[in-house]
2 protein chains.
Amino acid sequence: MSTTNQQILHYGRNLLQCRGYNGFSYRDISQKLGIKNAAVHHYYPQKEDLVATIFEGIRQQFAEDTARMSGSGCSAREQLQYFFDFMLKEFDEGRNICPIGSLIVDFEELPDKVKEQHLLLMDDVLAWFSEVLKTGLENGEFKFSDPVDTRAEAILETLLGARQLASIKGRGTLERSISLIRSDLGWKDRPSGKRTY
Amino acid sequence: MSTTNQQILHYGRNLLQCRGYNGFSYRDISQKLGIKNAAVHHYYPQKEDLVATIFEGIRQQFAEDTARMSGSGCSAREQLQYFFDFMLKEFDEGRNICPIGSLIVDFEELPDKVKEQHLLLMDDVLAWFSEVLKTGLENGEFKFSDPVDTRAEAILETLLGARQLASIKGRGTLERSISLIRSDLGWKDRPSGKRTY
DNA sequence: TTACCTACTTCCTTACTAGTAAGTAAGGAC
DNA sequence: GTCCTTACTTACTAGTAAGGAAGTAGGTAA
């Protein structure tokens, strides 16, 4: 059993990742939880507080997961695969759109507090991609000729778009996209059986 | 000088491509044009009428442009480059986000009429990408090993994400992304001077 | 001249939004 | 038993959204 606060964060995150910042209201959350609108305000006086807290949680989770993997000596491919699996899991759990993608359309009108968290998460993810790609390139797990940072950015963009498209066209879109990202990194799927690493 | 109707469509499209379906109101348009809210309702009784009309215009423009290029015997690379240039031009004109990307976050709550236009545009673009890629692959302009449809989908996703990211991080993001798409099609930029075709 | 159309404006309704103020019920600390 | 905190509820404000009804001013056609 989880606390009201945890439930607010949970449903808030789901709503945010399905409908964006301006696409959900405190009413959506309070109705789902069977409490009153003002109860949500009790925990998060302003909407920006709620969304900033959601993003802090996401960033913390990301930091912990990547640190753990990095510490336990995972290969670059394993680390990148973790991210792909994480995306697929989130999608399967009904969070259609990635956190970064869910705020971009509303970005300009967003409170500064939220903008800041959004940019921090984006920087975190891009820096991690770059790091993993660099390692993988150096030890021969990946093969590509473009600058690492540019490739990192492109992966983020492709996943962002794929996740959004997948919210309309279904999971297969996201799966195909992941497969192509691997392909462009010189990390081929074998048509059947195990992967080549 | 353009008619009120044309101006409504123009600003409506800009607003749509910057803030998404739920991110702008008739008030934004009427204030910009110095008319009253209800005047916009005069031309487009419901918001869905306005947005569906905007999409019809975009689809028509796309159909005309692609037909013209196809008719005048452009190479696959030239045709694809047209699309990239079109994206950059739209971005430069202040339409931050591509039409497809601008509706995805709000997609589920969209009126059917708008959903339909959105899906039609997506199908148009994907079919055109597939056609161009197929031609280019057959005549050696492109080189890649994945299914054409999958590659077409990935290009759409990457551009969609790149355009969104570029709305925060600037034009360079979109340029880098286009460069990488070309690279992944086996269509290398030479570091300086003319392209290889 | 009458009738009608187009392009609006004024005025309004209904619904929902974020957010606030004040009150209450339950539980622990002392 | 009283005090204080937590977790809410009730009741409200102010703003904005889409959208509808009715009226008007100007042009055009018969």
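Basis for what follows: all heavy atoms, side chains included, without hydrogens, waters or symmetry-related copies. Bear in mind that the values here come from a model prediction, so they are computed numbers and not experimental data. Just so we're on the same page: letters track the sequence lines, and every chain starts at 1.
- Here B/Thr4 reaches the OP1 or OP2 of C/dC8: one of its side-chain N or O atoms lies under 4.0 Å away.
- Between the CG atom of B/Leu137 and the CG atom of B/Leu185 there is a distance of 9.5 Å, given to the nearest 0.5 Å.
- Judged by distance alone, the side chain of B/Thr53 and the main-chain N or O of B/Asp49 form a donor-acceptor pair under 3.5 Å.
- Rounded to an integer number of Å, the gap from CD of A/Gln7 to C1' of D/dC8 is 14 Å.
- Between the side chain of B/Arg182 and the backbone N or O of B/Gln81 there is no donor-acceptor pair closer than 3.5 Å.
- Atom CD of residue B/Gln46 and atom OH of residue B/Tyr26 lie 8.0 Å apart, to the nearest 0.5 angstrom.
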Notebook entry, point to check: Where along nucleotides 9-14 of chain D does protein come under 4.0 Å, by heavy atom, of base (B) or sugar-phosphate alone (S), with - for untouched nucleotides?
Noted result: BB----
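- Atom-to-atom, CD1 of A/Ile29 to C1' of D/dC8 comes out at 16 Å; the value is rounded to the nearest Å.
- In the region residues 46-55 of chain A, proximity to DNA chain C at under 4.0 angstrom, judged on heavy atoms, holds for A/Gln46, A/Lys47.
- With 3.5 Å as the limit, one finds a donor-acceptor pair spanning the side chains of A/Gln17 and A/Glu90.
- In this structure, A/Ile8 atom CD1 and D/dA7 atom C1' are separated by 10 Å, rounded to whole Å.
- Two rings, from B/Phe129 and B/Phe83, have their centers less than 6.0 Å apart.
- Put simply, CD on A/Gln7 and CD1 on A/Ile29 are 11.5 Å apart, with the number rounded to the nearest 0.5 Å.
- For A/Tyr43, taking side-chain heavy atoms from C-beta onward, the closest of the listed nucleotides D/dA17, D/dG19, D/dC8 is D/dC8.
- Counting any heavy atom pair closer than 4.0 Å across all strands shown, A/Tyr44 reaches no nucleic acid atom.
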